[in-house]
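Please read the structure below before turning to the comments.
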Amino acid sequence: MREIQNSPIGVFDSGVGGLTVLRELYRQLPQESIVYFADTARLPYGNRSASEILEFVREILVWMTQQKVKMVIMACNTSSALALEAVRQEFDVPILGVILPGAKAAVKKGKRIGVISTPATAKSEAYRQAIQEINPQAQVWQVGCPEFVPLIEQNRISEAYTQEVARNYLSPLVDCGIDTLVYGCTHYRHLQGVIQRIIPQTVRLIDPACYVVQAAKKELELMGLSKSSSASPTRFAVSGCSQVFSQLSRQWLGYYPCVESVSLPLSLTRTLAWEQVEVLE
Ligand code: DGL
């Protein structure tokens, strides 16, 4: 048992979005060791089909179980919306998604709820279903934001163009009079400054990252799996270019992480134009 308690928690996303969950883990569960995987060779997930997402998630979970993780947190709304239910039956490890914790938190804060997410998550209606199952009276507006993840992964957050794109996605929600806005994609917390310039101050922002980690903490305690000794350094692995990930992550981690490259079965890999760009020191 002791050995399992000391095992790491596996966290994955398509890219740097899951770092928002990782930061919450550092804050709320600092003693836990983490293995972070980013499927950067195949992002963005948000424009993929449900069957592709399911296939990718299965591959990642096989790799995670080989790393002997004691729990997996899907730090990716798209995977949580499209694959969580199926893979929970298939793998013998507790798997947590971000949508239910995010929906529960949103319902506590408001009744007119806007959700910004990838197109795949918006199309799945996962947030609407989760929110209205808890409060059928809550109104939900979902907006798919296809440009956000590429802009974040290309490190273009501070460009005027990003602000303009955000205004186009968010204005309809502001016009609907939302009182609560959910970051329905883990990448979007990185855009907080951009988003706060557009939405009224009275709108409450919900970051599901915070609540999925609360849920993970409870679950670990319930299963007697909490780690009490100090954490090992986080292990980072990516399917794409390790240098690009390390370079981009620094602004959120405060250091250049050492990143391993992992080859999953990459039959559907597309090389991304921006990964061919030379990495600047
Ligand atoms: N960060 C992920 C999410 O929460 C995936 C984004 C993407 O690759 O499109 O949905």
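Just so you know, ligand 1 is whichever comes first in the structure, and atom 1 is the first atom listed for that ligand.
For Phe12, there are no ring pair (Phe, Tyr, Trp, His ring centres under 6.0 Å) partners at least two apart in sequence or on another chain.
Phe56 carries Arg42 over the face of its six-membered ring, with the cationic atom under 6.0 Å from the centre and within 45° of the normal.
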(message) side chain to side chain contact (heavy atoms under 4.5 Å, CB included) for Ile198 and Tyr169? Distances and angles first, verdict last.
(response) CA-CA 10 Å; Ile198 299 164; Tyr169 292 145; over 6 Å; no
(message) Could you go through Lys70 and Glu32, starting from their C-alpha distance and side-chain angles, then the distance that decides it, and tell me whether this counts as salt bridge (Lys or Arg N to Asp or Glu O under 4.0 Å)?
(response) CA-CA 11 Å; Lys70 62 181 175 186; Glu32 296 293 341; 2.7 Å; yes
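Taking a cutoff of 4.0 Å between a charged side-chain nitrogen and a carboxylate oxygen, Glu221 and Lys218 do not qualify as a salt bridge.
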Show the distances, to 0.1 Å, for all pairs joining an N/O atom of ligand 1 and a protein N/O atom that are shorter than 3.5 Å, listing one pair per line.
from: ligand 1; atom 1: 1 (N); to: Asp13; atom 2: OD1; distance (Å): 2.9
from: ligand 1; atom 1: 1 (N); to: Asp13; atom 2: OD2; distance (Å): 3.4
from: ligand 1; atom 1: 1 (N); to: Thr186; atom 2: OG1; distance (Å): 2.9
from: ligand 1; atom 1: 1 (N); to: His187; atom 2: ND1; distance (Å): 2.8
from: ligand 1; atom 1: 4 (O); to: Asn77; atom 2: N; distance (Å): 2.8
from: ligand 1; atom 1: 4 (O); to: Asn77; atom 2: ND2; distance (Å): 3.1
from: ligand 1; atom 1: 4 (O); to: Thr186; atom 2: N; distance (Å): 2.9
from: ligand 1; atom 1: 4 (O); to: Thr186; atom 2: OG1; distance (Å): 3.3
from: ligand 1; atom 1: 8 (O); to: Ser14; atom 2: OG; distance (Å): 2.6
from: ligand 1; atom 1: 8 (O); to: Tyr45; atom 2: N; distance (Å): 2.6
from: ligand 1; atom 1: 9 (O); to: Tyr45; atom 2: N; distance (Å): 3.2
from: ligand 1; atom 1: 9 (O); to: Gly46; atom 2: N; distance (Å): 2.8
from: ligand 1; atom 1: 10 (O); to: Asn77; atom 2: N; distance (Å): 3.4
from: ligand 1; atom 1: 10 (O); to: Thr78; atom 2: N; distance (Å): 3.1
from: ligand 1; atom 1: 10 (O); to: Thr78; atom 2: OG1; distance (Å): 2.6

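Asn47 contributes atom CG, which lies 10.0 Å from atom CD of Glu52 (distance to the nearest 0.5 angstrom).
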